[in-house]
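I'd like to ask some things about the structure below.
We're numbering straight along the sequence, starting at 1. This one's a predicted model, so the numbers in the text were calculated from it and none came from an experiment.
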Amino acid sequence: MKIAKVQGKLELKNSGGLSMFFIGTGNAFAKENFQNNVLFIKGKSHILVDCGTLCPLAISKYGIQISDVKNFILTHSHADHIGGMEEVAFTSYYMKKDRPVVVIGDQYKKTLWNESLRGGLGYSKTFDGKTAGFDDYFVQQKPRSVRVGKHWYKSAVIGGEGGIDLKIFETSHSNARSAQGKVFHSCGLVVDKRILFTGDTKFDREKLDGILSDFDIEWIFHDACWFKNEVHASYADLKTLPADVRKKIYLCHCDETLLSKDVKADGFAGFAKRGVYYNF
């Protein structure tokens, strides 16, 4: 892997290799490092993983606008991961006259629209007297179920054959359930069968071991928190991982306290940085 700084503006295409670019690396309340939203780029294809409240501002720091992004996947419905999607919808619809692609299954599509996006987007436009829906602003790309190794994943490819391969797995981020017993949706990604991006998750050694057994993972970008909590992997827990796993891990979605620590001394690859290309 080689790390390269942006030269001029952020490019949404490259010569064909897989690149990863953090728009931000911070937690929900970060200001300086923005929020943990990341682009994957390969050839003429790209996809933005999460678009939080600060993402439209953050991406403009790299010389492009959020409406330039054409493909999205959302790991879960907290505002630092979906809060910018209203701006995506409006700028795409009214300014670009197009609809970006969202990789999303039917169940989460319904939940995302009815419980998060509908209030702002649904009542701002009518079609034949009816309020707008998800499909008026976005194009759904529905992932399919595939088995890899011993486990099942959802799968999607961005850009057709040879594009960005996504294997999507469920994570345990929040224990909250609706009155009807519905579980909070959250997921992580394996990209091109080699890069693991956890999204937001509690420490889950069994899940991590399973993914590492199914794929030949080169690098792991794992969310981390200095203190023990109910929704994110704590640094203390991550330090219990074997040395050969820790050396592959870049920590992201970090709080300010953790950022002051020498994580390389504990065997980690370091902290993920925003504003650079990770070229694999």
Pairwise ring-ring contact (aromatic ring centres under 6.0 Å, His included) hits with a residue in residues 241-272, at least two apart: H81-H253, W219-Y250, F221-Y250, H232-H253, Y235-F268, Y250-Y278
Neighbour count >12 (heavy atoms, 6.0 Å) for atom NZ, K109: yes
Residue pair D50 / L74: nearest heavy atoms and the distance that separates them: OD1-CA, 3.3 Å
Heavy-atom donor-acceptor pair, Q140 side chain to I104 backbone, under 3.5 Å: yes
G133 backbone acceptor or donor facing D136 side chain under 3.5 Å: yes
More than 12 heavy atoms of other groups within 6.0 Å of D216 CG: no
V88 to C51 - nearest heavy-atom pair and separation: CG2-SG, 3.8 Å
Residue pair R205 / D237, side-chain heavy-atom distance below 4.5 Å: no
R147, CZ atom: more than 12 neighbouring heavy atoms under 6.0 Å: yes
Nearest-0.5 Å distance, OG of residue S15 to CD1 of residue I41: 11.0 Å
Q35 side chain to L54 backbone, donor-acceptor under 3.5 Å: yes
Distance (rounded to the nearest 0.5 Å) between I217 CD1 and R194 CZ: 10.0 Å
Closest non-hydrogen atom pair, A4 against N279: CB-ND2, 4.0 Å
Which atom of P100 lies closest to which atom of Y137, heavy atoms considered: CD-O, 3.4 Å
same_hphob_cluster(I220, F203) at 4.5 Å side-chain heavy-atom cutoff: yes
D80 side-chain N/O to N37 backbone N/O, donor-acceptor pair under 3.5 Å: no
Test item: side-chain donor near acceptor, K42 and S19, under 3.5 Å: no
OG1-CD distance between T53 and E86, expressed to the nearest 0.5 angstrom: 12.0 Å
Co-membership, hydrophobic cluster, residues Y94 and L121, 4.5 Å side-chain: yes
Test item: H173 side-chain N/O and V231 main-chain N/O as donor-acceptor pair under 3.5 Å: yes
Any donor-acceptor pair under 3.5 Å from K96 side chain to Y93 backbone: no
Min side-chain heavy-atom separation L166-P143 under 4.5 Å: no
I3 with V38, same ILVMFWY side-chain cluster at under 4.5 Å: yes
H151 side chain reached by F169 side chain, heavy atoms, under 4.5 Å: no
CG-OG distance between D98 and S67, expressed to the nearest 0.5 angstrom: 8.0 Å
Inter-residue atom distance T171.OG1 - D204.CG, 0.5 Å rounding: 8.5 Å
Hphob cluster co-occupancy, L196 + V146, side-chain heavy atoms under 4.5 angstrom: yes
Note, L251 side chain near L238 side chain (heavy atom, < 4.5 Å): yes
Contact summary for G159 and S45, nearest pair of heavy atoms: CA-OG, 3.3 Å
Sidechain-backbone polar pair: Y153 side chain, V148 backbone, donor-acceptor under 3.5 Å: no
Heavy-atom check, side chain of I249 versus side chain of L241, under 4.5 Å: yes
Chi angles and distances behind the side-chain contact (heavy atoms from CB on, under 4.5 Å) call for V102, Y108: CA-CA 11 Å; V102 179; Y108 184 45; over 6 Å; no
Parallel, tilted or perpendicular: ring planes of F138 versus F134, cut at 30 and 60 degrees: tilted
Minimum heavy-atom distance between W113 and A132, given as atom pair plus value: CZ2-O, 3.2 Å
V190 side chain reached by D214 side chain, heavy atoms, under 4.5 Å: no
side-chain contact (heavy atoms from CB on, under 4.5 Å) between D200 and T75, intermediate numbers included: CA-CA 8 Å; D200 284 13; T75 62; 5.7 Å; no
Minimum side-chain heavy-atom gap H185-L112 below 4.5 Å: no
Heavy-atom donor-acceptor pair, D192 side chain to I164 backbone, under 3.5 Å: no
Residues I211, K207; criterion side-chain contact (heavy atoms from CB on, under 4.5 Å); working and verdict: CA-CA 6 Å; I211 294 170; K207 176 76 71 173; 4.1 Å; yes
Rounded distance (nearest 0.5 Å) linking atom NZ of K9 with atom OG of S60: 13.5 Å
H46 (side chain) donor-acceptor with V69 (main chain) under 3.5 angstrom: no
Can you give each donor-acceptor pair under 3.5 Å made by side-chain atoms of residues 20-33, sequence neighbours left out, with the distance rounded to 0.1 Å?
from : atom 1 : to  : atom 2 : distance (Å)
N27  : OD1    : F29 : N      : 3.1
N27  : OD1    : A30 : N      : 3.1
K31  : NZ     : F29 : O      : 2.9

Side-chain heavy atoms of L48 within contact of I66, under 4.5 Å: yes
Test item: K228 side-chain N/O and C225 main-chain N/O as donor-acceptor pair under 3.5 Å: no
Y277 side chain to N14 side chain, donor-acceptor N/O pair below 3.5 angstrom: no
Shared hydrophobic cluster for F215 and L208 (ILVMFWY, side-chain gaps under 4.5 Å): yes
Audit row: H222, C252, side-chain contact (heavy atoms from CB on, under 4.5 Å) steps and yes/no: CA-CA 6 Å; H222 205 302; C252 54; 5.8 Å; no
Within 6.0 Å of CD in E170, more than 12 heavy atoms from elsewhere: no
